[in-house]
Amino acid sequence: MGARHFTTHFTPEAADRWVPRLRELFARIHAILDSVEDEISVIQEQAHRVGGNGGGFDSRHYFSSDRELGDALREIQSAGILIQDIRRGLVDFPHVREGREVFLCWELADGDRIQWFHELQAGFAGRAALPR
């Protein structure tokens with residue numbers, strides 16, 4: 001058994017229990033990102049129209065969104081879950097399989113159970129079906 005990289009490891013069942021919460025958190029994260037992107041587009045349009053004066057940017061809204069986004073991301077990360085792609089809702093759960101560390105892999109497009117795993121260095125392209 002080699003050296004461990006992670007202090008927290010998930011069983012497939014424990015990772016499965018996170019799926020509903022991850023769906024909620026990524027819905028919130030995506031709503032915040034969409035809102036901020038929309039606001040940036042409006043600011044850029046206004047700045048272009050008035051020759052560089054971007055007025056109308058409400059920084060209070062942005063910083064409130066920033067805090068909410070940070071809270072959602074911290075909740076995931078503090079549990080020991082690794083966020084690989086925010087837009088896809090792609091996460092990895094450290095897991096010990098046959099004595100070695102691997103990642104249980106899940107993304108929003110997957111079902112309501114963890115179905116995939118991959119070696120630490122393999123990434124998404126190296127996903128293999130998780131035998132249950």
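What you see is a predicted model; the values in this text were computed from it and never measured.
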Set of side-chain contact (heavy atoms from CB on, under 4.5 Å) partners for [X], sequence neighbours left out:
X    : answer
Q84  : L82, L90, D92
A27  : none
D110 : W106, E107, W116, R127
A14  : F10, T11, R17

| How far apart are the C-alpha atoms of D16 and D112, what are their side-chain angles, what is the distance that settles it, and do they pass the side chain to side chain contact (heavy atoms under 4.5 Å, CB included) test? | CA-CA 7 Å; D16 286 345; D112 291 329; over 6 Å; no
(Q) Is it the case that over 12 heavy atoms from other parts of the model lie below 6.0 angstrom from the CD atom of E13? (A)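 Above 12, so yes.
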Least distance between heavy atoms, [X] atom then [Y] atom:
X    : Y   : result
L108 : R23 : O-NH1, 3.1 Å
I114 : A15 : CG1-CB, 3.5 Å
G80  : P94 : O-CD, 3.3 Å
R67  : R74 : O-NH2, 4.2 Å

Could you walk me through whether F117 and H95 pass the side chain to side chain contact (heavy atoms under 4.5 Å, CB included) check? CA-CA 9 Å; F117 78 98; H95 172 65; 5.7 Å; no
* How are the rings of F26 and H30 set relative to one another: parallel (under 30°), tilted (30 to 60°) or perpendicular (over 60°)? ->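 Judged by the thresholds at 30° and 60°, the geometry between F26 and H30 is tilted.
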Sequence neighbours excluded, the answer for ring-ring contact (aromatic ring centres under 6.0 Å, His included) partners of H118 is F103
Determine whether F124 and L22 fall in the same hydrophobic cluster, where Ile, Leu, Val, Met, Phe, Trp and Tyr are linked whenever their side-chain heavy atoms lie under 4.5 Å apart.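 No, F124 does not connect to L22 through the hydrophobic network.
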Show your reasoning for whether side chain to side chain contact (heavy atoms under 4.5 Å, CB included) applies to L130 and Q115.
-> CA-CA 5 Å; L130 178 68; Q115 301 174 51; 5.6 Å; no
Contacts of R28 meeting salt bridge (charged side-chain N to carboxylate O under 4.0 Å, His left out) (sequence neighbours excluded), chain-then-number -> none
> Between the main-chain N or O of I32 and the side-chain N or O of E68, is there a donor-acceptor pair closer than 3.5 Å?
Replying inline: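 Absent.
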Legend entry - R113 vs V19, side chain to side chain contact (heavy atoms under 4.5 Å, CB included): CA-CA, chis, key distance, verdict: CA-CA 7 Å; R113 293 182 66 196; V19 169; over 6 Å; no
side-chain contact (heavy atoms from CB on, under 4.5 Å) with L25: of I83, I76, D71, L73, only one passes, and it is I76
Is there a side-chain contact between P131 and R97, using heavy atoms and a 4.5 Å cut-off?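 Side chain of P131 against side chain of R97, heavy atoms only: contact under 4.5 Å found.
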